[in-house]
A.B. asks: 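Before anything else, here's the structure in question.
In each ligand, atom 1 is the first atom listed, and ligand 1 is the first ligand listed. These numbers come from the heavy atoms of this one structure, side chains and all, not from hydrogens, waters or symmetry mates.
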Amino acid sequence: MSHTMRPAVPVTEPQRIAPDTFLIPNLVAAQPGTFVFMNSMVILAEQPVIVDTGAPLFREEWLEKVTSLVDPADVRWVFISHDDGDHIGNLAPFLELAPNARVITNFFSNERVYADRPGEMPLDRQVWLEPGASLDVGDRKLHLFRPPIFDGPTTRGLFDDRTGAMWSVDSFAALTTGAVYDVADLPSDLYSDSFALFNSLVSPWHQWLDPATYHRHVAAVEAIAPTTIASAHGPVLTGTAIADAFERVRAMAGQPIVPPPGQETLDALIARTLTSAA
Ligand SMILES: [Fe+2]
Ligand SMILES: [Fe+2]
C-alpha cells in the first residue's frame, strides 16, 4: 500500500447537533481502532452558511454530504476559520458550485492563501471580519472569537446566538473510535489522553503561558455560554462536557508539552503499511 492510499474508515453521515446545525464528519485512521475527526459544519440559517470546508483528502465525500443538506446555489456564506489545508481544502470547488456565496475571512488569511493557492479565494468574494465582529445571516447573528487553542494566527471561532452552537475550530480535539460523535459515547481514557496530546500538539506554546493571563482569555470564551460545541478534530460537547473541556485547556497553561509520538511510531506505521501490502 502506498502512503497515498487511504486506509478504510467507517462511513460517516451529516449529524444534526443543534437546530438548523449539522456536523459534516470525516475520519482519518489513527492507531488501530481509533480515528481523527476532520469535521466541518453547515448552518441552515435564513442565509445558509458553510463553516470550514474540510480536506482535499475526502473532497468527493465532503461535497456529497454538504450538497445533501443544502443546494450550493442557496449558500450565501462560507466561513473559513483559518487557512490550514484541512479547513480550506475544498473551498475552490465549492465556490465554483456556489456563485452566491461570499467567504468570511481576514487580511492575514488572504495573504497566506494567495501564495499557496493563487486564485482560489477571489478578492471580490471575500469579507474580512476580526474576532469580536458579527455577521448577520438573516435570522441570527454569528459572532467571531479567538478560540482558546489554535495552530494558525488567522484562526477565528464562530458562535450562533440563536442556537447556542459554537464552532471551536482546532480547540478540544480528541480521537474517536469510529462513527461516534458525542463525547459521552467515547471511552473516557481515550478522550482524556488524546485530548491532552492533541491540544498540546496544536498549541505547544501553552508551556509558556502565564496562567492568570490565559485564564482570562479562556473565561472570556467560556462566557459566550455555548450549549453545543462542535470542532474540526474533536467530538461534539454538550452539558457538563463543555465546562470540563474549558477546564482541561485552562489547566494546560504553564505545563510542559505532552511528548508527541516519535520514531518508534513511524517505524510501526511503516511496518503496518508493508504488512498490509504483502
Ligand atoms: Fe489548524
Ligand atoms: Fe485543523
A.B. asks: Quickly, which of N199, D151, I257, V258 forms a side-chain contact (heavy atoms from CB on, under 4.5 Å) with P204? Name it, please.
C.D. replies: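 That would be I257.
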A.B. asks: Side chain of D20, backbone of I43: donor and acceptor closer than 3.5 Å?
C.D. replies: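 Judged by distance alone, no pair lies under 3.5 Å.
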A.B. asks: Got a sec, which pairs hit salt bridge (charged side-chain N to carboxylate O under 4.0 Å, His left out) with one end in residues 174-195, sequence neighbours left out?
C.D. replies: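 Checked against salt bridge (charged side-chain N to carboxylate O under 4.0 Å, His left out) - neighbours excluded - no pair reaches residues 174-195.
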A.B. asks: Do the rings of Y191 and F195 sit parallel, tilted or perpendicular, given the 30° and 60° boundaries?
C.D. replies: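 Correct class here is perpendicular.
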A.B. asks: Give me the number of protein N, O or S atoms whose distance to the Fe ion (ligand 1) is under 2.8 Å.
C.D. replies: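 Atoms of protein N, O or S type lying less than 2.8 Å from the Fe ion (ligand 1) total 5.
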A.B. asks: Will you find, in the side chains of K65 and T12, an N or O donor that is under 3.5 Å from an N or O acceptor?
C.D. replies: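 The criterion, which ignores hydrogens and geometry beyond distance, is satisfied for T12 and K65.
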A.B. asks: Which value, rounded to the nearest 0.5 Å, describes the distance between L27 atom CG and L57 atom CG?
C.D. replies: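 One gets 11.0 Å once the value is rounded to the nearest 0.5 Å.
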